[in-house]
Every structure is written in C-alpha cells, then in structure tokens.
Amino acid sequence: MAGTTEETRGPAADRRRWRVARRRLGPIGIVRAAAARLSALFLRIAHGGSGPVRLGVGFGVAAIWLAFSIPAALRIAFETGQASPLAGFVSAEAAKRAADFLCLVRSGERCKVEADDLGLIIGQTAVSLFALLAILFGFWTQVFAGLAAALRGVGAGHVLVVGAGALAETLARDVAKGGAAAVLVRPDADAADVATLGAAGVELVAGPPSDAEVLTRAGVRAAGKIVLMDDADTVNLGAAAVARAARPRRPGEVLVRVEKEDLRRDLALYGAADMFSVAELAARRLFLDASFCEWAVAAAQPRAHLVLFGRGAVAAAVAARAFRLLWAPGLEAPRVTVMTTSPDEDEAAFRAAYAAAFEAQAWRPDIVFAPFAWTSRADPAAALKTVRRARGAVTAALVSWPDDDDTLHCAALLARAPEIDSGALRLFVRESAAVRIADTLTRLGHRGVVGFADPVALAARRTIVDRAIDRAAERVHEHYLCTCVLDQNEAEYHATLRRGWTLRQRLALTLRPLEAEAPPEQAFSARFGDAARTRLRAALTARLLARGKFTPNEKRPAQRPWSELADHYVSANRTAADHAPIKLAALGWRPAEGGARGETPKIDLAAIDDALCELEHKRWLADYAMTGWRLGARNDDTMRHPDLQPYEAFDADKIALAKVKDRDNWLAAADVASDGGRVRFVRTRI
C-alpha cells in the first residue's frame, strides 16, 4: 500500500517550485527568499571554498583594485611623457579624470604627481593589493561566514535544529541541501566539525541547547522553524521552554521530539501537533509501505501476526502501531509476538505505556513477550518455528535491536530460514545510519529482506519540518469538522442534497416522509457519485463557516483546529489516515504503479455494509484504547468515552448513529488516501 507520494526532485522540480513561490511571495518575499539562499551559499563558500573558487575571488578583487589604482599611474605616465606605448589604448583625458578622482578619495583634494613618483605609486599599488589579498584570504572563513550571518538575519527565516546525535545532523544537512539556511546547535563541536558542516551549508553553534544565550546566538528569534531533535526527551523539552520564552510563536513553529508515548500523551502543555516521535514515524512508514493485511488475506491467514526480534523504542512503536492499524475484512484482531532478551522488563514497560488498553473489556492487545537469548547466539530461525507452532501462522518477521551489529547479525541468520529465503515470509530489518543493512543482506544473496526506519528518510526536511506525512491526517480532521458543521446545519445540508434528487424521489419524500426509499446522501451518491458528494459537502461547509453557522462545542476539544488539537486526537487522525489505504484495498482499489494511469477511487455507498461498519468501530476502539482512553461518561480531560464497547452493548438508536459515523469514515477513505486526487489508484475488481 502507499501513503503520500514523494515530491519529484531535480533541477526541473526546483525551478517549478521557485516559479510557484515567486507568484505567492511578492517582491519582499522574493528578496527574503533570495537572501536565505545567498546565506547558505556564502556559508558553503566560507568553509568549503575550493581552489578554483578562491582563485576566482582573488582575480576578481585584484581586477577591481587595479581598476581604481592604475589610472593614477597612467596619468603620471602621460604627464611625464612615458605613456607613448599606451597612447593608442587609453585616452589621456580619461586617465587624468580617473587619477583626479583617486586623489580626491585618498587626500580629499586634487593633486599633481611628479614624474619621479611613478615608481613609488606603482609600488604602493602592488603592496596595497598584496595586503588586501592577504587579509581576504587570511580571514576567508570569517568574511564569508559574516556575510552569511548578515543575510540570514534578513532572509525568509532559517531552520534551527537543536540537539546532538546523527538524526539532528542529518536533518540540518537535508535542510541545507534544499537551499534553505540551516543552523545546528549541539553541546560540543571542534574546528573540523564546523568546517565540515559549513561546507554542507550548515552553520554550527556549540553550547548547551537549553542556554538562552546560545539559542540567541543561533538566531532563535529570526528562525522560521525550530526543531528540538536531541536523543533525550528532557533536553528537547528544556530547550522548547527556552525557545518559547525567547519569542512566543504560533503552533507548529517549534517542533519537539518526544519518544516516550506516555510522556507525549501527558504533556498537553506543549501542544500535540508540535510533538513528534522518530520511532513512531519509523513504524508509520513501515506500515504505509508494507501490505501486512494484504499478505494475510492472500495467504488465507486468520489474522495479521507480526514477530519482533529485538527491543527498544522502534520495536515498541511497531508493536503499538500494529494493534492500531492491522484491521481488515476477513481477519481477526492482530497479534504480535516479541522475542527479547528481557521479556519481563519489556512487557512491564509496554503494559505501563498502554495501561488503558490492557484494562479494557471489549478488546485487549494480543501480545506475548518470549525469551530469546540473543547474547548466546541462539538460532532466530528455530525461535520463529517455535512461535509458529505456539501462536499460529506468521505474516512477517522484524528485527530491530538497539545495536546495529546485533541487528545485522540476527537478520543474517534469520534470512536463511526456508520460508524467508523462498519469499513466502517477508523479513523487515531496521536500517542503520552507517550502512543499509537490507541492501547488504541482499548482496549477500538473501531474498525477501526489506529495510525500514532509514535514518536519512526519517530525518528529512519533508518528514520533520514540512510534516508531509501528516497531510492525510489533516484531511481526516477536515472531514470530521465538515461533519460537525453539517450536523449543526442538518436542514440546509439535506435541502442541498435533495436538489440533486430525481422527481420520483422527491415525490416519494413528499408522499411518505418517514418511508423515503433512500437517505439523501445515498440518493445523491447514486446519481452523481461519491466524489461529487464529497465536493458538495466541502463547498457547503465552506459557505456555512463563512456565514458563521458553526459554533465549536467547548466540551468537544476534538473540534479545535488541527494546530490546537490534543495529542490523543492527533494520534487518532494519523491512524485513520494510515488505515485509509487498507480500506481502499478492501473495496478493490490499489495504488497505481509501474506507469499505470490510474484514477481517483470511487466508493459505492451500498458496498459499505454493516460488517464493514463494525470493523471500523473495532479499529477505532483499539486505537482509542491504545491511546489511553477508557470506558466511561464522555470527558475529554480524563479521556473517558462511552462508545469504547462493542456494537452488541449499544441500544438500537446508538448503533444507528455509530454506523453513520463509521460509514462516513469509509467514504472519506478515498479522498484521504488519494490526497485529494494527487495519488492515483487502479481498480482490482469490479
């Protein structure tokens, strides 16, 4: 399955983006954008100026200097009769005017030079030129670094990355690679680091990340985006407090990395849309790029079963994501088995982080932590066979130890298993910052090995700064707000839909108001298609909002704008967005690949039966339970919800309302997965 497509890279794409930006920015914006690009260019010249670049600058300075100095010598030559060789090339009058100008600049008055002074002036010119070039090249780095800093201050806002570690440096490099000004703050740095990063267009500032003076020196007040990217959550949160105090900002301008799920959930002070987890991004990328549910269905397995070899933040995030996402028609609840060297410790940590899910009555995570003594070099293939006998068929295996060498070694042994070597079972391996483990194993002859959590892709500007991976989640929230607006204006919404009814349907509504043959949404979709219904809903919502016909419910924080949503609502929207391709696959649509033309998916409302609605409710229930919600009277502050129970526990009226909500989620999947028509799909069945 596929999530959002990556933007095309290359010179043509850069020129296209620049033309679009130029139309939107205006004159001032263009100047600021050009200043930002020049800032990055001067920084690269300061630290990475090659021999030809420096030689070219030297010739340029010498030419400018001699252009102002030689006319004085020429005038002397003309006045003393020594200019006969030059008479055919330079006008005497022009030389005199230039020399007079230089005299005025040097002494403030016109001067007359004797013939004996010719050699002296030529010597002064040569010495001053040599001194200028010596100063320029002696302070090469300082001169161009100063120019870069000055232009950065008037530019379009640089990206400030704060934190130590490979991911922070990778992000700063990717920002600079895109042509934007980037500043990296980390506790320590030597001259070699400053030069190396400077040559890549990244300005390095050394100092404690939570020091206000250090952040001020790095330009925290002028930064367009501030990304707190340290490997420690406490460092990021401390630096976030300093950054926000230095200059109050709009939501989304200070991005804070917080890896612990429960800590991220409980710290509502910083705002959910401003927080992110690299481990969670790795898990989301894995399930967006790998069709676990499709494999389980194709293999006629009862459920999606994932076996994890390893421990750590990435392994825990993958396990949690599997329970939230791997729900598909014909499959039972997902199952996860974790093979780890410390099963009791890891299980206690997982249960503590997702306590609400293990306390739920309607559904609980089907997860087992089994001992696997990797330190004694146990055979992972034999352990996989044991899991299959004890827990059933396996959909995929995944290796993610904290140490890269252990990950490579365990994956190499596991790749020799017959089911993986034959391609019947996929093996996923966490990539390393030093080497691509999956490619290494493939070159060694192992098949069926797929890499995930590539640090370069995870720490890319598009992922972290631009938040492209959340674009679909924002569309989910937009659909929810659209429903809220139309619910408050139900009469106007239904009247708008009825304008597209046939005469027979209008007569049926008039003659039998309570026994109309079809609800307005279904009748409209049957005549014009679901895409037309989606466009109509969006247009009507925009008009109603413009008229002020929507009042967000103060008791419903879920109706706030995306940038103000709490973490648990952002997480729910992300899961719904990531599940949209699975919904489309269940309805017979796949992303267009291999040059296929494709089209925007069209969902038949009649195809969404009660079984699909119930499946969506189960997925929502598991997602909310994993996020920390518990059963109880509706209370967003304490995260209580009365719908965290199966359909069987609802009364008839409540089931009807729940089905409407779940059906709308299926209908919205086409718009969410296709990113408003940008991603094309092909029909796999009629």
Side-chain contact, heavy-atom cut-off 4.5 Å: [X] with [Y]?
X      : Y      : result
Met229 : Val278 : yes
Pro601 : Ser674 : yes
Leu167 : Ile464 : no
Leu667 : Arg663 : yes
Asp344 : Phe369 : no
Ile469 : Phe276 : no
Val570 : Trp562 : yes
Thr440 : Arg443 : yes

Would a distance-only check, ignoring hydrogens and angles, find a side-chain to backbone donor-acceptor pair under 3.5 Å from [X] to [Y]?
X      : Y      : result
Gln301 : Val394 : yes
Thr463 : Ala457 : yes
Asp233 : Lys260 : yes
Asp466 : Ala468 : no
His641 : Leu621 : no
Asp609 : Leu612 : yes
Asp230 : Ala164 : yes

Stacked cation flag Lys661 on Trp620, 6.0 angstrom / 45 deg: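 Yes, a cation-pi geometry.
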Kindly confirm or rule out a cation-pi arrangement of Arg364 over Phe358, judged by NZ or CZ under 6.0 Å from the six-membered ring centre and within 45° of its axis? no
Do Phe428 and Phe292 have ring centres separated by under 6.0 Å?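 Aromatic pair counts; centres sit under 6.0 Å.
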Trp629/His568 aromatic ring centres below 6.0 Å: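 Distance test on ring centres: under 6.0 Å, yes.
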Does one side chain, of Arg324 or Ser571, offer a donor that lies under 3.5 Å from an acceptor on the other?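 Yes, Ser571 and Arg324 have a side-chain donor paired with an acceptor closer than 3.5 Å.
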Test ring pair (Phe, Tyr, Trp, His ring centres under 6.0 Å), reference His617, set Trp363, Tyr624, Tyr647, output is Tyr647
Gap separating the [atom1] atom of [X] from the [atom2] atom of [Y], nearest 0.5 angstrom:
X      : Y      : atom1 : atom2 : answer
Arg335 : Glu332 : CZ    : CD    : 7.5 Å
Glu419 : Arg426 : CD    : CZ    : 14.0 Å
Asp470 : Arg284 : CG    : CZ    : 5.0 Å
Phe287 : Leu326 : CZ    : CG    : 5.0 Å
Leu255 : Glu253 : CG    : CD    : 9.5 Å

Step by step, would you call Arg311 with Thr340 a side chain to side chain donor-acceptor pair (under 3.5 Å)? CA-CA 6 Å; Arg311 58 178 304 185; Thr340 175; 4.6 Å; no
Look at the aromatic rings of Trp401 and Trp374 and report parallel, tilted or perpendicular, splitting at 30° and 60°.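 Ring orientation of Trp401 relative to Trp374: parallel.
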Check Arg430 against Phe452 and note the closest heavy-atom contact, atom names and distance.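 Nearest pair, atom of Arg430 first, then Phe452: N-CE2, 3.3 Å.
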Test Asp671 against His479 for side chain to side chain donor-acceptor pair (under 3.5 Å), laying out the working first. CA-CA 9 Å; Asp671 182 62; His479 279 277; 2.8 Å; yes
Using a 6.0 Å cut-off, check whether atom NZ of Lys385 has over 12 heavy atoms from anything other than its own residue.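 It does not: Lys385 NZ has 12 such atoms or fewer within range.
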Carboxylate-amine/guanidinium proximity below 4.0 Å for Glu259 and Arg257: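 Looking at Glu259 and Arg257, the cut-off is met.
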